[in-house]
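See below for the structure under consideration.
We name chains A, B, ... by the order of the sequence lines, and we start the count at 1 in each one. In what follows, every heavy atom counts, from backbone to side chain, and hydrogens, waters and symmetry copies are set aside.
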Amino acid sequence: MPELPEVENYARDLKPLLVGRRIEAVDVHWPRAVANLSVEEFRRGLLGRQIVNTDRRGKYLLFPLDNRWTLVLHLRMTGKLRLAPANAEPDSDPYTRVVLRLSGGQVLLFRDQRKFGRFYLVEDPAQVLKGLGPEPLQDSFTPLDLFHAVQGRRAAIKALLLDQHIVAGVGNIYADEALFLAGIDPRRPGASLTLADCSRLHTCLRQVLAEAIREGGSTLGGSSLGNYQRPLGIPGRYQLRHRVYGRAGQPCPSCGTPIQRVKVAQRSTHFCPRCQLSGPVASDGSPR
DNA sequence: ATAAGGCCCTGACCGC
DNA sequence: TGCGGTCAGGGCCTTA
């Protein structure tokens with residue numbers, strides 16, 4: 001499940017591979033993978049265009065084009081990008097939804113088993129990105145911003161971290177990891193967090209995201225399902241560093257207490273009941 | 001404005 | 001072996 005660190009790695013890895021290439025053909029095998037245009041408009045808008053950069057905002061990948069339009073992609077749950085030589089054996093993957101044939105003999109394959117991923121081709125990326133909260137790794141994002149964003153909110157802090165209006169790019173894995181490092185119970189209402197709590201959370205969130213980017217992101221599971229891989233097929237390594245995510249029943253790395261798994265805002269949530277001291281429990285997150 | 005629930009999707013997994 | 005049910009989950013939409 002690509003979150004900010006995985007998408008950031010995509011943008012970085014793809015930059016030297018894509019910048020300067022021209023889009024020579026567009027094959028859409030699953031029309032609904034194109035969110036804002038008809039397949040024909042999408043194809044016409046891309047044909048002959050040159051990719052001039054690769055970037056990221058939240059969990060969105062951005063590919064600015066030479067006519068100032070931007071190809072935007074959200075991978076959602078199971079979307080993956082893969083760059084391959086065009087002359088390799090034909091792509092037999094049944095989950096390939098979109099193929100961009102590029103100058104220089106490469107093809108960019110968008111594969112997505114659950115069909116949640118979406119492309120947008122827009123004149124102004126703000127059409128898609130409006131409403132996204134601050135980038136958590138930018139200096140302009142301060143502990144006070146986080147404090148103000150959760151002030152007065154009854155929802156669990158975990159749910160608020162997942163809300164892209166509050167901070168952009170945080171998903172289930174990194175929300176759990178950041179809350180663990182900060183020693184905050186994920187079920188606590190946002191309103192119960194003090195400025196000191198928010199300061200710690202702000203620091204820990206940035207630490208977790210920066211570490212995960214350095215480690216190439218998280219690649220989960222051995223199955224073919226959602227595991228993220230980088231564009232050349234290299235897996236991430238951050239899953240080896242997860243402290244709580246996916247570790248229900250295993251000892252807390254800090255105190256040895258078994259990690260608990262509960263539901264918060266319909267999301268599976270992992271935490272240490274001892275290190276993440278239960279403040280007041282959110283109305284929507286009582287332990288079962 | 002906020003919160004909660006449904007929807008989209010498919011494959012893995014479980015129990016019988 | 002085979003079947004049906006449940007789960008996973010990001011973002012968007014609808015409903016209270």
Side-chain angles (χ1 to χ4, degrees), chain A residues 1-8 10 28-36 56-62 72-81 93-98 110-120 122 125-133 136 148-177 186-193 209 217-228 239 242 244-249 261-270 280-286 288:
Chain A
M1 293 125 235
E3 305 180 24
L4 185 154
E6 291 77 26
V7 179
E8 178 67 25
Y10 263 120
V28 178
H29 302 319
W30 174 252
R32 293 180 58 185
V34 181
N36 70 323
R56 177 196 63 75
R57 173 82 170 93
K59 302 176 196 172
Y60 290 85
L61 269 171
L62 309 178
V72 180
L73 172 62
H74 197 299
L75 298 165
R76 296 279 185 99
M77 305 295 303
T78 55
K80 297 184 253 296
L81 283 176
D93 184 325
Y95 305 117
T96 299
R97 310 300 180 193
V98 175
F110 172 64
R111 295 172 171 167
D112 186 17
Q113 295 184 47
R114 290 192 187 160
K115 299 180 173 177
F116 282 5
R118 293 292 181 266
F119 280 96
Y120 307 79
V122 290
Q127 292 171 245
V128 178
L129 308 176
K130 62 176 181 322
L132 278 188
H148 287 146
V150 305
Q151 274 290 91
R153 300 287 301 259
R154 279 176 297 141
I157 184 61
K158 163 80 181 275
L160 296 173
L161 282 180
L162 295 179
D163 182 343
Q164 302 298 297
H165 301 96
I166 290 183
V167 192
V170 180
N172 210 32
I173 297 173
Y174 300 107
D176 281 4
E177 294 294 316
R187 301 164 297 182
R188 279 177 57 187
S192 77
L193 270 69
L209 294 173
S218 300
T219 299
L220 294 181
S223 74
S224 60
L225 191 48
N227 24 356
Y228 147 87
Q239 68 282 0
H242 290 175
V244 289
Y245 186 84
R247 300 191 64 248
R261 179 176 140 143
V262 298
K263 287 273 185 198
V264 177
Q266 341 278 24
R267 297 286 184 260
S268 66
T269 297
H270 313 74
V281 168
S283 54
D284 64 344
S286 358
R288 45 176 73 202

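- Proximity of Arg153(A) to the phosphate of dA3(B): a side-chain N or O atom is located under 4.0 Å from OP1 or OP2.
- Side-chain N/O atoms of Gln113(A) include none lying less than 4.0 angstrom from OP1 or OP2 on dT10(B).
- Between the side-chain ring of Phe116(A) and the base of dG10(C), a stacking contact exists by the 5.5 Å and 30° definition.
- Remark: Asp112(A) does not engage Arg97(A) in a salt bridge, criterion side-chain N to carboxylate O under 4.0 Å.
- Within the 4.0 Å cut-off from OP1 or OP2 of dG5(B), at least one side-chain nitrogen or oxygen of Gln266(A) is found.
- Separating the NE2 atom of His165(A) from the P atom of dG11(C) is a distance of 10 Å, rounded to the nearest angstrom.
- In this structure, Ile166(A) atom CD1 and dA1(B) atom C1' are separated by 12 Å, rounded to whole Å.
- In this structure, Glu6(A) places its CD atom 14 Å from C1' of dG9(C), rounding to the nearest Å.
- Contact annotation: Tyr95(A) side-chain N/O to dG11(B) OP1/OP2 distance is under 4.0 Å.
- Between the side chain of Arg114(A) and the base of dG10(C), no donor-acceptor pair of N or O atoms lies under 3.5 Å.
- Of the candidate nucleotides dG11(C), dT10(B), dA8(C), dT10(B) has the atom lying nearest to any side-chain atom of Lys115(A).
- Here His74(A) reaches the OP1 or OP2 of dG11(C): one of its side-chain N or O atoms lies under 4.0 Å away.
- Asp112(A) comes within 4.0 angstrom of nothing in the nucleic acid, heavy atoms only.
- Taking only side-chain nitrogens and oxygens, Tyr245(A) comes nearer than 4.0 Å to OP1 or OP2 of dG9(C).
- With Arg118(A) contributing its side chain and Ala33(A) its backbone, the two residues share no donor-acceptor pair below 3.5 Å.
- Between Arg267(A) and dG10(C) there is a side-chain N or O to OP1 or OP2 distance below 4.0 Å.
- Taking only side-chain nitrogens and oxygens, Arg261(A) comes nearer than 4.0 Å to OP1 or OP2 of dA8(C).
- For His165(A), the NE2 atom counts as loosely surrounded, since its 6.0 Å shell holds 12 or fewer non-hydrogen atoms of other residues, nucleotides or ligands.
- In this structure, the CG atom of Leu162(A) is 14 Å from the C1' atom of dA4(B), given to the nearest Å.
- Using modelled atom types, no side-chain atom of Glu3(A) and backbone atom of Val170(A) make a donor-acceptor pair closer than 3.5 Å.
- Regarding Leu4(A), its CG atom lies at a distance of 14 Å from the P atom of dG10(C), rounded to whole Å.
- Ranking dG9(C), dC9(B), dG11(C) by closeness to the Ser268(A) side chain, first place goes to dG9(C).
- A donor-acceptor pair shorter than 3.5 Å can be found between the side chains of Tyr174(A) and Glu6(A).
- Distance Leu75(A) CG to dC9(B) P: 17 Å, rounded to the nearest Å.
- A straight line from CG of Asp163(A) to P of dG9(C) spans 17 Å, rounded to a whole angstrom.
- Within the nucleic acid shown, Gln164(A) comes within 4.0 Å of sugar-phosphate atoms alone, with no base atom in reach, counting heavy atoms only.
- Taking atom NZ of Lys263(A) as the reference point, atom P of dC7(C) lies 7 Å away to the nearest angstrom.
- Side chains of Ser218(A) and His242(A): a donor-acceptor N/O pair is present below 3.5 angstrom, by distance only.
- Distances shown here put every side-chain N or O of Lys59(A) at or beyond 4.0 Å from the OP1 or OP2 atom of dG10(C).
- Phosphate contact (OP1/OP2 of dC9(B), side-chain N/O of Arg76(A), threshold under 4.0 Å): absent.
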